[in-house]
Amino acid sequence: MKNLISLPRGTHDILPEQTPLWERLEQNARRILALYGYREIRTPIYEDIHLFKRSLGETSDVVHKQLLELKTSSDDDGLALRPEGTAAIVRSYLQNNLDKKENLSKLFYLGPMFRGERPQKGRLRQFHQLGVEAIGPDSASPFLDAEILALAMDMLKAFGVKGPHLLINSLGSGEDKARVTDWLRERLKDFRAKLCPDCQQRFERNVFRVLDCKVAMCQSVVTEILGQGQALPLSDESKHYFNEVKSCLTALNIPFTVSPRLVRGLDYYTHTVFEITAEGLGSQDAVGAGGRYSGLLHQLGGDVKVNFGAIGFAFGLERILLAQGEQNPIVPSLNAFMVFMDVAFLPQAFAMMQQMRGSGISAGLSYNGGSMKSQLNKANKSNARFAVILGDNEMKAKSVLVKNMQDASQQLVGWDQLIPFLKERL
Ligand code: AMP
């Protein structure tokens with residue numbers, strides 16, 4: 001096809017045959033979110049670019065390399081498409097004074113996110129996230145951390161995701177993070193020359209990120225400085241909090257692995273961080289990730305007198321759909337399909353179709369008519385339960401011939417009896 005403009009790199013169409021799978025995923029998610037008391041929040045898909053710069057950290061990969069800025073013809077510059085949900089939710093939480101209205105805001109969002117990354121399998125420029133945030137004054141509790149993880153695992157179970165595996169870690173408090181930064185730099189400095197070019201920069205910008213670098217040489221350096229499975233040197237208070245989270249998970253029978261290398265890419269995380277992987281996704285196998293980010297509320301202008309607690313996660317829905325494996329196809333169907341012998345009967349057929357729809361019976365017809373055979377074929381293709389046939393005789397007698405498409409049985413029904421007749425049988 002010449003001159004066809006194709007869709008931008010790293011984006012995808014969700015075609016009508018796929019939308020039922022998305023709908024089913026969303027319905028399952030909404031059902032479980034309601035059980036846990038989460039309510040939906042919708043924010044714009046673009047925000048002031050400074051919101052992302054201030055929250056995610058100027059040095060994070062998302063801000064450094066992946067923000068998609070908007071160019072507008074007005075002087076409304078400094079806008080960017082949202083690369084993730086948390087920053088906007090916190091902005092909205094503060095702007096709408098939700099902390100004054102409720103003790104704990106349990107929020108979820110669902111929608112497209114945008115990152116200008118190099119497109120590859122599992123990495124898109126427009127992808128969809130379902131995210132959850134629990135924010136409130138004095139709300140930090142290991143039980144809430146565990147609840148959030150239970151919610152994530154319950155949803156993955158309902159989605160039928162294969163082999164979900166929960167990895168958790170603690171980055172400690174804000175003070176711990178500053179101390180561990182020095183500790184890591186001190187230990188890494190002799191190995192600096194061995195690190196990959198990205199990690200050379202991370203050493204300065206965000207040394208935590210060296211821990212989860214995928215490059216083999218960096219991984220062996222990390223093993224050397226951390227040892228196998230050694231935890232980060234956190235304060236006793238942070239260790240105690242993390243131990244409580246782990247005990248809660250064990251009490252809930254949620255299996256997990258502690259990974260001291262798990263640090264997450266964004267600057268705002270403190271204390272509990274986690275990632276959930278699934279089987280069959282290749283190298284991009286994280287279906288969701290999140291953590292505690294209480295400090296972000298003050299960073300974005302929240303009242304410093306309030307001791308905010310906040311934790312959340314986001315699932316990548318494209319990856320979840322891939323990790324579901326083979327799904328039963330969802331075949332669209334109609335209750336009734338109008339078939340008319342003569343194009344002159346179209347107004348009557350059309351009126352009857354609308355009458356059926358008005359009574360909650362899904363219905364269709366062929367707008368350009370065609371032979372009875374081709375119309376019945378169309379009825380078949382649309383998986384109609386009944387064909388409602390309007391021939392010469394029926395027209396005269398103000399009746400229709402209702403054909404059951406499953407067993408081919410037929411019955412004459414008066415126009416005024418059609419709706420109750422169908423309702424009884426659907
Ligand atoms: P993050 O906001 O980076 O913590 O990502 C949360 C989840 O979103 C990841 O675990 C992925 O499942 C998904 N995700 C992140 N970036 C992309 C992307 N570029 N393409 C597709 N899914 C993504």
Side-chain angles (χ1 to χ4, degrees), residues 7-14 18 22 25 29 43 45 47 51-52 55-57 59-68 80-90 108-133 148-149 151-153 155-156 159 161-169 171 206 208-209 212-214 259 261-270 272-293 296 310-324:
L7 87 176
R9 257 165 25 103
T11 65
H12 65 118
D13 296 319
I14 303 172
Q18 294 149 349
W22 284 79
L25 190 78
T43 60
I45 62 163
E47 298 270 351
L51 176 69
F52 304 123
S55 57
L56 309 177
T59 60
S60 66
D61 284 352
V62 171
V63 166
H64 200 58
K65 303 183 194 156
Q66 300 166 354
L67 270 190
L68 289 173
L81 291 173
R82 61 182 184 189
E84 57 97 60
T86 304
I89 304 304
V90 171
F108 79 88
Y109 58 89
L110 205 157
M113 303 294 159
F114 307 86
R115 292 184 195 176
E117 30 194 351
R118 191 171 60 79
Q120 51 178 297
K121 186 169 179 277
R123 281 208 173 277
L124 294 157
R125 288 188 161 182
Q126 177 177 332
F127 57 99
H128 295 78
Q129 282 190 341
L130 165 70
V132 161
E133 317 287 356
I148 282 270
L149 288 163
L151 166 63
M153 297 314 273
M155 282 203 271
L156 292 177
F159 300 155
V161 163
K162 298 228 183 67
H165 182 189
L166 172 62
L167 287 167
I168 59 172
N169 191 22
L171 304 178
N206 183 353
F208 276 88
R209 291 303 316 276
D212 71 350
C213 179
K214 301 283 182 290
S259 167
R261 293 169 181 234
L262 179 72
V263 294
R264 313 282 309 114
L266 311 177
D267 282 1
Y268 54 54
Y269 290 111
T270 48
T272 316
V273 287
F274 53 92
E275 188 169 278
I276 307 170
T277 58
E279 280 169 10
L281 293 179
S283 63
Q284 306 297 334
D285 62 351
V287 288
R292 184 160 277 291
Y293 55 89
L296 181 60
I311 183 166
F313 67 83
F315 282 144
L317 297 186
E318 280 79 3
R319 292 194 197 169
I320 286 193
L321 283 163
L322 281 176
Q324 281 182 321

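Note that ligands are numbered from 1 as they come in the structure, with each ligand's atoms numbered from 1 the same way.
No donor-acceptor distance shorter than 3.5 angstrom exists from the side chain of Arg261 to the backbone of Cys213, with no hydrogens or angles considered. Under a 3.5 Å cut-off, the side chain of Glu133 and the backbone N or O of Ala310 do not form any donor-acceptor pair. A donor-acceptor distance shorter than 3.5 angstrom exists from the side chain of Arg125 to the backbone of Glu117, with no hydrogens or angles considered. For Asn169 (side chain) and Leu262 (main-chain N/O), a donor-acceptor pair under 3.5 Å exists by modelled atom type. Proximity of a side-chain donor or acceptor of Arg319 to a complementary backbone N or O of Ala286 within less than 3.5 Å is detected.
Taking the side chain as every heavy atom from C-beta outward, Arg264 and Phe208 never approach each other to under 4.5 Å.
For ligand 1, residues of the protein lying within 4.0 angstrom by heavy-atom distance are Arg115, Glu117, Gly122, Arg123, Leu124, Phe127, Gln129, Arg264, Ala286, Val287, Gly288, Ala289, Ala314, Gly316, Arg319.
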